[in-house]
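For reference, the structure discussed in these notes is given below.
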Amino acid sequence: MIADQLIISSQKEKSTYTKDKYSESPKRSIVKSISWRVIGTLDTIIISWVITGTLTLAFSIGVVELVTKMVLYFFHERIWNNIKWGK
């Protein structure tokens with residue numbers, strides 16, 4: 001059952017960098033998050049500019065979104081690296 005596969009048992013050993021590096025390194029997750037955020041932020045700036053009509057406001061929204069989404073994506077990737085389902 002999928003629910004059983006998604007639950008990470010506390011009895012299993014914790015993931016270490018040595019074990020984790022075979023799936024994806026933290027540096028790779030960081031580079032992926034940066035490249036994706038550039039695309040996502042440009043999209044947000046364009047949409048914000050179209051909606052507000054103010055380029056300054058659109059860039060302000062884009063900068064806030066850039067930082068918050070990059071941090072969230074990094075932790076999202078690291079969590080998914082610890083889930084065995086689908087590997």
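The structure displayed is predicted, hence computed values, not measured ones. Atom set for the values below is all heavy atoms of this structure, side chains included, hydrogens, waters and symmetry mates excluded.
We find the OG-NE2 distance between Ser29 and His76 to be 11.0 Å, quoted to the nearest 0.5 Å. Within the model, atoms CD1 of Ile46 and OG1 of Thr41 stand 11.0 Å from one another, a figure rounded to the nearest 0.5 Å.
Among residue pairs with one or both ends in residues 39-64, none qualify as salt bridge (Lys or Arg N to Asp or Glu O under 4.0 Å); sequence neighbours excluded. Applying the salt bridge (Lys or Arg N to Asp or Glu O under 4.0 Å) test to every pair with at least one member in residues 45-60, sequence neighbours left out, gives no pairs at all.
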Contacts under 3.5 angstrom, residues 50-59 side chains, donor-acceptor by atom type, not counting sequence neighbours:
{"unit_1": "Thr52", "atom_1": "OG1", "unit_2": "Ser48", "atom_2": "O", "d": "2.7"}
{"unit_1": "Thr52", "atom_1": "OG1", "unit_2": "Thr54", "atom_2": "N", "d": "3.2"}
{"unit_1": "Thr52", "atom_1": "OG1", "unit_2": "Thr54", "atom_2": "O", "d": "3.4"}

Kindly list each side-chain donor-acceptor pair under 3.5 angstrom involving residues 67-74, sequence neighbours excluded, with atom names and distances?
{"unit_1": "Thr68", "atom_1": "OG1", "unit_2": "Val64", "atom_2": "O", "d": "3.1"}
{"unit_1": "Thr68", "atom_1": "OG1", "unit_2": "Glu65", "atom_2": "O", "d": "3.4"}
{"unit_1": "Tyr73", "atom_1": "OH", "unit_2": "Glu77", "atom_2": "OE2", "d": "3.3"}

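Note on Phe75 and Ile30: same hydrophobic cluster, where clusters join Ile, Leu, Val, Met, Phe, Trp and Tyr whose side-chain heavy atoms are under 4.5 Å apart, directly or indirectly.
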